[in-house]
Every structure is written in C-alpha cells, then in structure tokens.
2 protein chains.
Amino acid sequence: MLNERSLAVHQDCSDCPIRHRAVCARCETDELQRLEEIKYYRRYEAGSHVIWSGDRMDFVGSVVSGIATLTQTMEDGRTQMVGLLLPSDFVGRPGRDTAAYDVVATTDIVMCCFRKKPFEDMMVRTPHIAQRLLEMTLDELDAAREWMLVLGRKTAREKIASLLSIIARRDATLNMRGTEGQIVFDLPLTREAMADYLGLTLETVSRQISALRKDGVIELEGKRHVTIPDMGRLMEEAGDDADGGLLI
Amino acid sequence: MLNERSLAVHQDCSDCPIRHRAVCARCETDELQRLEEIKYYRRYEAGSHVIWSGDRMDFVGSVVSGIATLTQTMEDGRTQMVGLLLPSDFVGRPGRDTAAYDVVATTDIVMCCFRKKPFEDMMVRTPHIAQRLLEMTLDELDAAREWMLVLGRKTAREKIASLLSIIARRDATLNMRGTEGQIVFDLPLTREAMADYLGLTLETVSRQISALRKDGVIELEGKRHVTIPDMGRLMEEAGDDADGGLLI
DNA sequence: CCTCGCTGTTGATCTGCGTCAATGTTTTCC
DNA sequence: GGAAAACATTGACGCAGATCAACAGCGAGG
C-alpha cells in the first residue's frame, strides 16, 4: 500500500517504483547496479489478471503506472478486495512461491518486475533491502488493520466516506498537493469494485454516494469525477478523528 | 500471529518465543549471545493494558505465555480487534516509536522484551533478524487479509465457525496434536471479545454458538469448553475449502 | 449465607443493508 | 447512427443482525 511515508521515499525514484534507489541509497553502487540489471517491465490491459491466486509466482515487483486490486474470492463467488495497488506499491512475497490472492489490473498498468530468485539472492547480500521491505510490509499491515475496523464496525455511509477520504488523500499526495481547500479527483474504481472493497453491495454503494452528494459532503460531475469541498467534514463522516486517519 | 509455519521454527526455542535462536541459527554465536544479554521479562495481569494506543513504545518483544489482544477503538466506543496474540507472537514495530493499537492482556501473560534501540542496532548488524521479521510480518499480513474476507463477506454463523476453526487448529498445533478425530479446547475469549474480533454483537455471538451446538457442529461443556466432533464439518460451516484455510 | 458484579443466554422488536427488479446513462463497436 | 454491453441509479420489499430488555449461573467478598 501506499502512504505518505513510503511515498516520500518514492519521490527520488519516479521511473521505477520498486524504490530500489531509495532502498539502496546506503548500499554500494554495484548492488544498485545489479538490481538495475535484473529488472524488466511488463504491461497488462485493464481487466486482465496479473496473477491468479494459487499460481506459481516467479517474480516480485511493483506498480509503475495504473491501478490494480488484490482480491480474494470464496467458492460461491463472494469477493473481498484486500488491497488496492497504486503506483509504487509492491507485489509479491520473497520466500513464498504461490500467490495467495488474485491481482487484477483495474486500468492498463505497467509493472516493474524482478525474477524472484535473483531478487532473493540480492536480499541476502544486501541487508538494507530486507529492512526496507520490512518497513513497507509493516506499513501494509497497519493499513490492513485499519481496514479491518472499517469492515467490522463502520456503517455503509462511514465506509464510503472512509474510502473517499483515503483516495482523496492518496491522490493529493501523488500529485504533490496538500489536503487544504477543496480536493478534486477521479474515482479509479467502479461501484462494484468499491463494494468489494467495502464489504457492501454495489446498490448500497450507489445509494450512499447519492446520499453524501445530496447532503453536500461531496460533489459529483458524471459518475466518477468527485469534488470534496471540505475534507474535515468528509473525515467526520468517516468516523475518523480529523488528523489521525487511515494509512492505506 | 502464529501459524503452523512460524510455530515449526519456534519448536527449538520454547523458553523465549521471540524465536531468536531460530532467527540466529545461522548467525555467529556472539550475536545470539548479545540478544540474550538485552532481553528481559515482564508480567501483566489479566485485563491490564500492555500498551496504550498512541503511547511511546520503548520495547519490542513477544508473548511467552497467556493471551493478549490487539484492538482499535473509535471515539464513540466501537471496538475492533485486529489481532490475537498467542505465545510466540511478536509485538512491536522496529522503526516506529508510537503504538498504533491497544494491547490488552486477556489472561495473565508473560512477555519477553528487548529495549527497542539495542534491538534495532542488532537488526542492522545481523541481517537474518530483519529477514526473519520480514517473514513473520508477511505471515501476519496474510492473516490480516484473510480476516478482511471474514469481516467483509461472511455471515454471523460463518464468522463464528471461522473463529472456532482458527482457535481449534492453533490449539492443536500448540499442543502438538493433529486435527484428526475430535478436537477439544477451551475458548480463550469472552463472548464480547469474540464479538469484537468478528464485528458482531455479543448477543449474536451467543445465539450463533447456541445454534451451532443445536446443529451438532460443536459440543459445549459449560461456557468455554468446546469439543469439535468433525473438523471438516466446521470448516464447511466456515465457508472455507477443507484444506486451504486461515493462517492467523 | 447473602449480595454484588461479571458473564452468558434468550426473547421481542427494530432497522440497515441485501435482494430483486426496472430504468437510465455512457461507452463500444458494427 | 443504432444496437449492445457495461456501468449506474432508484424503488419495493424482506431478512440478518442490532438493539433493548429480562433473567440465569457463578465466583468473590463481606
């Protein structure tokens, strides 16, 4: 997951969000060089599977551009999104070789990949990489736990407000804007994808978005273009205290 | 979180579940020795707070005996448990110094602690520690994501069955028993704590447990002593395919 | 022994969200 | 331009689980 903290590190590595430049800033140059040598890029179309749950994973990598989702599905088709992958987010798990989740491209995406074996070898030789990955994984764990509160205890309206507030802040951070004044962004998800993230149905998502619009918490132009006139108000609606907030 | 995999590693270090012996099996003896030197133990009574969310954390460590919970609370009092800490589970976060969650002792517990600074120093000098922590954190992340599916998409009955199935398997693993034949264990949680874990009310928890008992999925002696006559049946009720299953 | 507090159970009722269904809007593709 | 498909909105209705309430069991402490 992306958050303000990891993003700050990401700034100096805009072309390849694995953030290995940041990771290796303290390493010897030849380690950095070796990392450069084993990397390659992959492109996926909107709607296509990047990874199927249960499949063998022979690479790790990160999103360069576009948006992907991490989802779990039960046998009867019930689906829960467990992560939203934005540019710079890491995918894959050193030390495990089957994927636990489906990764689906929501938009066209570009991934920066490393074959798993060489990457793992590099991890052993370059301690900072393991430390950096640990830091990133702990951030993701925090985000997942924050989301457990959303899923377990919030109302539909609060869930929608939480999601909007996360996307708004993320978007503001990505584009180097603050969260002062009004915030404008495009929703990167369909109503159904939002429902899968929030543990709701798409109808409920639609209804609650309409309600928030009617109440002036958000403004909508078309289906996806959102304006948040007052971020504080939105966060109140989300049930968050105004400054703490979600890390996702 | 504990799972079969981390527990296997834990076997050779029963007195101090930080698992540093396992962590350091490949390290020089003097690193292991140094880790021994900075460790100390703490004892907490049932019901007491080990850590308050937002407080400064000056140590990391792990549970030696007893059970603790990791919870988040909203301003209006709604509570969500985001983790269950059993013997050998790790607490704390190298690289961050305020706690994000409340840690509460459910039973009397003993923790094995390391002051954070020396532990972090050791991490820098001993790459295997960071790698081992990364592995453990990734396991926890998987568990958190599995739990997101439970919270977001399962019915009350399935939630209860999921929780029982996790506790049953955990208990079986801790006591070195298999999950063949019938499984017997004591619930380590009150109905309220179970509700907080599952995103339900305690009344619903109580009702669903009664229903599962009436249907022969579980047997109850008193309030806490549970017998699972058929683990496969329970996992069906949980909505899991019979072998995959939760990692928590 | 009795009382108090804590935990758990069960019933009655209410309500938020899911389900089913109809319809509108936008995009795609011939 | 028109048809079809994908995405979104809105309404009517039902139900799973929340809420409110009463009560039972049990250990602790006077």
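Chain naming here is simple, since letters A, B, ... match the order of the sequence lines and numbering starts at 1 in each.
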request  = Would you please name every residue forming a salt bridge (charged side-chain N to carboxylate O under 4.0 Å, His left out) with B:Arg233, sequence neighbours left out?
outcome  =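 Salt bridge (charged side-chain N to carboxylate O under 4.0 Å, His left out) list for B:Arg233, sorted by chain: B:Glu237.
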
Atom [atom1] of [X] to atom [atom2] of [N]: distance rounded to whole Å?
| X | N | atom1 | atom2 | result |
| --- | --- | --- | --- | --- |
| A:Leu151 | C:dG16 | CG | P | 20 Å |
| B:Leu220 | D:dG25 | CG | P | 16 Å |
| A:Arg224 | D:dA8 | CZ | C1' | 10 Å |

task = Starting at CE of A:Met111, measure out to CZ of A:Arg43 and round the result to the nearest 0.5 Å.
result =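 Between A:Met111 CE and A:Arg43 CZ, I get 12.5 Å after rounding to 0.5 Å.
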
With 3.5 Å as the limit, what N/O pairs link the protein to nucleotides 28-30 of chain C?
none

query = What pairs of residues pass the side chain to side chain donor-acceptor pair (under 3.5 Å) test when at least one of them lies in residues 72-86 of chain A, not counting sequence neighbours?
reply =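 Qualifying pairs: A:Asp76-A:Arg78, A:Arg78-B:Glu158.
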
task = Tell me which of B:Gly222 and A:Gly199 sits closer to the 5' end of DNA chain C, going by the nucleotide each one is nearest to.
result =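 So the residue in question is B:Gly222.
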
task = For the helix from C:dC1-D:dG30 to C:dC30-D:dG1, figure out the bend between the end axes, five pairs an end, and round to 10 degrees.
result =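 One end's axis against the other's: 30°.
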
ask   = Within 45° of the ring axis of B:Phe59 and under 6.0 Å from its six-membered ring centre, is that where the NZ or CZ of B:Arg42 lies?
value =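 Verdict for B:Phe59: a cation-pi partner in B:Arg42.
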
List, one per line, each side-chain donor-acceptor pair under 3.5 Å for residues 218-226 of chain A, sequence neighbours excluded.
{"residue": "A:Arg224", "atom": "NH1", "partner": "A:Leu187", "partner atom": "O", "Å": "3.2"}
{"residue": "A:His225", "atom": "ND1", "partner": "A:Asp186", "partner atom": "OD1", "Å": "2.9"}

message = Atom CD of residue position B:Glu203 - does it have more than 12 heavy atoms of other residues, nucleotides or ligands inside 6.0 Å?
response =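 More than 12 heavy atoms, drawn from other residues, nucleotides or ligands, come within 6.0 Å of this atom.
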
inquiry  = Give the residues of residues 200-214 of chain A touching DNA chain D, defined as any heavy atom closer than 4.0 Å, sorted by residue number.
reply    =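 The answer is A:Leu202, A:Glu203, A:Ser206, A:Arg207, A:Ser210.
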
